[in-house]
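Beneath this line is the structure, given in structure tokens, with notes to follow.
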Protein chains: 2
Amino acid sequence: MPPARKSGGLPKTSYAVLGLLSFGERSGYDLKALADYSIANFFWSPAGSQIYAELRRLTYLGFVTETMVRQERRPDKRIYQLTTSGQGALSDWLEIPEVEPDIFKSTFLLKIFLGRSTQTETIVAQVEERRQQIEERISQLEEKEATLRDRPELAFAYITLKSGLAANRAQLLWAEEVVEELKMRDPGQSYLDNG
Amino acid sequence: MPPARKSGGLPKTSYAVLGLLSFGERSGYDLKALADYSIANFFWSPAGSQIYAELRRLTYLGFVTETMVRQERRPDKRIYQLTTSGQGALSDWLEIPEVEPDIFKSTFLLKIFLGRSTQTETIVAQVEERRQQIEERISQLEEKEATLRDRPELAFAYITLKSGLAANRAQLLWAEEVVEELKMRDPGQSYLDNG
DNA sequence: ATCCTCATGTAACACGTTACATGATTAC
DNA sequence: GTAATCATGTAACGTGTTACATGAGGAT
């Protein structure tokens with residue numbers, strides 16, 4: 001049995017799984033693939049083992065049902081589908097008006113923040129690498145955008161993708177500005193004062 | 001004794017503490033306050049208890065030294081300062097060229113993504129509330145920006161703050177677009193098809 | 001031959017949070 | 001009087017990751 005939660009609903013992860021199952025029944029394995037494809041960028045790219053644990057919890061709670069499917073050329077699998085109760089839990093949650101703040105954690109920005117403890121070139125190099133990563137990211141998202149545009153049944157996926165694009169484009173501009181400014185301000189010198 | 005790490009350096013949290021101590025010696029209590037003020041937005045707003053645990057680990061590792069300070073009108077406290085070894089660990093880490101991806105997790109975007117399982121008005125309302133939150137956020141950051149501008153000793157703090165501003169401004173535009181589009185596309189109707 | 005995909009899971013661990021405890025001083 | 005600040009910590013818990021195990025089928 002899963003640990004009882006003290007108060008206030010399931011962990012967000014559970015709702016993510018319920019939400020993915022609202023698009024149709026799936027195995028744990030397929031759910032992992034779907035999560036990686038759809039919500040990994042802004043929410044969750046789960047470890048395989050966690051998906052299976054989560055599905056056991058949801059089964060125990062009666063929010064999904066498990067169906068064993070025997071296969072011959074592939075390992076047997078368990079298919080999960082939302083119950084009415086699970087659908088209810090999902091839409092109840094979606095309707096909670098409170099908007100929680102995002103979780104954002106950037107080791108990269110921490111390093112920048114601590115920049116005075118290294119040479120400026122080190123920082124510049126890292127911002128430049130970050131800039132390249134962002135460019136690749138943007139290319140990927142733009143490809144995905146093309147496949148989502150003009151498909152009204154995927155409108156909400158499109159909207160969240162747009163958010164990612166906006167964020168990355170803003171950070172691209174930021175990175176370019178920073179590189180220029182640091183290169184100008186300090187052409188080859190280090191701060192290592194401390195105290 | 002703290003658990004030995006299997007490989008490859010300390011947790012990022014340790015470097016955050018080392019980094020904050022590079023600005024000067026501090027008590028656990030003061031470190032928490034400093035973290036909340038400086039790096040909370042892009043990295044870390046630690047629980048009090050975690051700071052103290054982290055300081056014990058860093059002491060054990062020889063990266064900081066602990067000095068007991070007796071006080072009369074306040075509880076006694078322990079002041080921590082970086083050792084040479086700690087400074088070395090910090091700058092070694094800063095110089096690692098690998099740029100790790102940010103961690104981003106948005107329950108808000110998950111709800112948007114699952115929007116077809118509720119009424120559109122519910123989604124619109126949440127995006128509108130988010131928009132307001134972002135506006136407040138931007139105001140706070142702009143205030144901070146004013147205090148940081150033209151203070152070259154805080155240049156790196158200024159740069160990270162700019163990143164936050166850019167991100168929030170981009171999300172503000174996104175939110176405004178989304179609200180308009182959803183209101184136009186669907187003036188008061190719900191999708192609840194499933195399967 | 002070797003690797004990847006499909007498919008599910010166990011065990012151990014690390015990180016971080018919450019709740020709780022203590023207790024004096026200072027500000028409203 | 002009540003609350004906030006200063007100051008440090010313990011205990012319990014929940015989440016998520018990593019490493020590992022198994023094993024057949026299909027691709028290169």
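Not measured: the values here are computed from a predicted model.
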What is the distance from NZ of B:Lys32 to P of D:dT5, rounded to the nearest Å?
12 Å
Run the salt bridge (charged side-chain N to carboxylate O under 4.0 Å, His left out) test against B:Glu142 and tell me which residues pass, sequence neighbours left out.
B:Arg169
Hey, can you pull the residues of residues 33-44 of chain A with a non-hydrogen atom under 4.0 angstrom from DNA chain D?
none
Output the rounded distance in Å from OH (B:Tyr15) to C1' (C:dC15).
16 Å
What is the separation between atom CD1 on A:Ile51 and atom C1' on D:dT18, rounded to the nearest whole Å?
16 Å
Residue B:Arg56, side-chain atoms from C-beta onward, closest of D:dT10, D:dT18, C:dT5:
D:dT10
Considering only distance and modelled atom types, tabulate donor-acceptor pairs under 3.5 Å from the side chains of residues 40-48 of chain B, sequence neighbours left out.
from	atom 1	to	atom 2	distance (Å)
B:Asn41	OD1	B:Arg137	NH1	3.3
B:Asn41	OD1	B:Arg137	NH2	3.4
B:Ser45	OG	B:Asp36	OD1	2.7

Can you measure B:Asp76 atom CG to C:dG23 atom P for me and round it to whole angstrom units?
14 Å
So, using salt bridge (charged side-chain N to carboxylate O under 4.0 Å, His left out) as the criterion, who are the partners of B:Glu177 when residues are at least two apart?
none
Using salt bridge (charged side-chain N to carboxylate O under 4.0 Å, His left out) as the criterion, list what pairs up with B:Arg26, not counting sequence neighbours.
none
Side chain to side chain contact (heavy atoms under 4.5 Å, CB included) against A:Ala53, all qualifying residues, sequence neighbours excluded:
A:Arg56
Comparing nearest nucleotides in DNA chain D, the 5'-proximal residue of the pair A:Gln50, A:Pro75 is A:Gln50
Near A:Glu95 CD, under 6.0 Å, is it more than 12 heavy atoms from other residues, nucleotides or ligands?
yes
With B:Gln132, which residues qualify under side chain to side chain contact (heavy atoms under 4.5 Å, CB included), at least two apart?
none
If a pair satisfies ring pair (Phe, Tyr, Trp, His ring centres under 6.0 Å) and one of its residues is in residues 161-180 of chain B, list it, with sequence neighbours excluded.
none
Could you check whether the side chain of A:Thr13 and the base of D:dT15 have a donor-acceptor pair of N or O atoms closer than 3.5 Å, going by distance alone?
no
Distance, rounded to the nearest Å, where B:Arg78 contributes CZ and D:dG9 contributes C1'
9 Å
With sequence neighbours excluded, tell me which residues meet salt bridge (charged side-chain N to carboxylate O under 4.0 Å, His left out) with A:Arg73.
none
In this structure, how many angstroms lie between the P atom of C:dG16 and the CD1 atom of A:Ile103, rounded?
12 Å
Within this structure, what is the CG-to-P distance between B:Leu31 and D:dG9, rounded to whole angstrom?
13 Å
What does B:Ser14 touch in the nucleic acid at a heavy-atom separation under 4.0 angstrom: a base, only the sugar-phosphate, or nothing?
nothing
Does A:Arg70 CZ have over 12 foreign heavy atoms under 6.0 Å away?
no
How bent is the helix from C:dA1-D:dT28 to C:dC28-D:dG1, measuring the angle between the end axes built from five pairs each, rounded to 10°?
50°
Considering only side-chain heavy atoms of B:Tyr52, which listed nucleotide, C:dC15, D:dT17, D:dA7, is closest?
D:dA7
Of all pairs that satisfy salt bridge (charged side-chain N to carboxylate O under 4.0 Å, His left out), the ones with a partner from residues 150-159 of chain B, not counting sequence neighbours:
B:Arg151-B:Glu153
Would you tabulate the nitrogen or oxygen pairs shorter than 3.5 Å linking the protein to nucleotides 26-28 of chain D?
none

What is the distance from CD of B:Glu54 to P of C:dT17, rounded to the nearest Å?
12 Å
Please confirm whether any donor atom in the side chain of A:Ser49 sits under 3.5 Å from an acceptor in the base of D:dT17, or the reverse.
no
Taking only the side-chain nitrogens and oxygens of A:Arg57, find out if one of them lies under 4.0 Å from OP1 or OP2 of D:dT15.
yes
Quick note, A:Gln71 side chain, CB onward, closest among C:dG9, C:dA7, D:dT18 is C:dA7
Sugar-phosphate, base or nothing in reach of B:Lys105, heavy atoms under 4.0 Å
sugar-phosphate
Is there a side-chain contact between A:Leu55 and A:Glu66 in this structure, where contact means two heavy atoms from C-beta onward sitting under 4.5 Å apart?
no
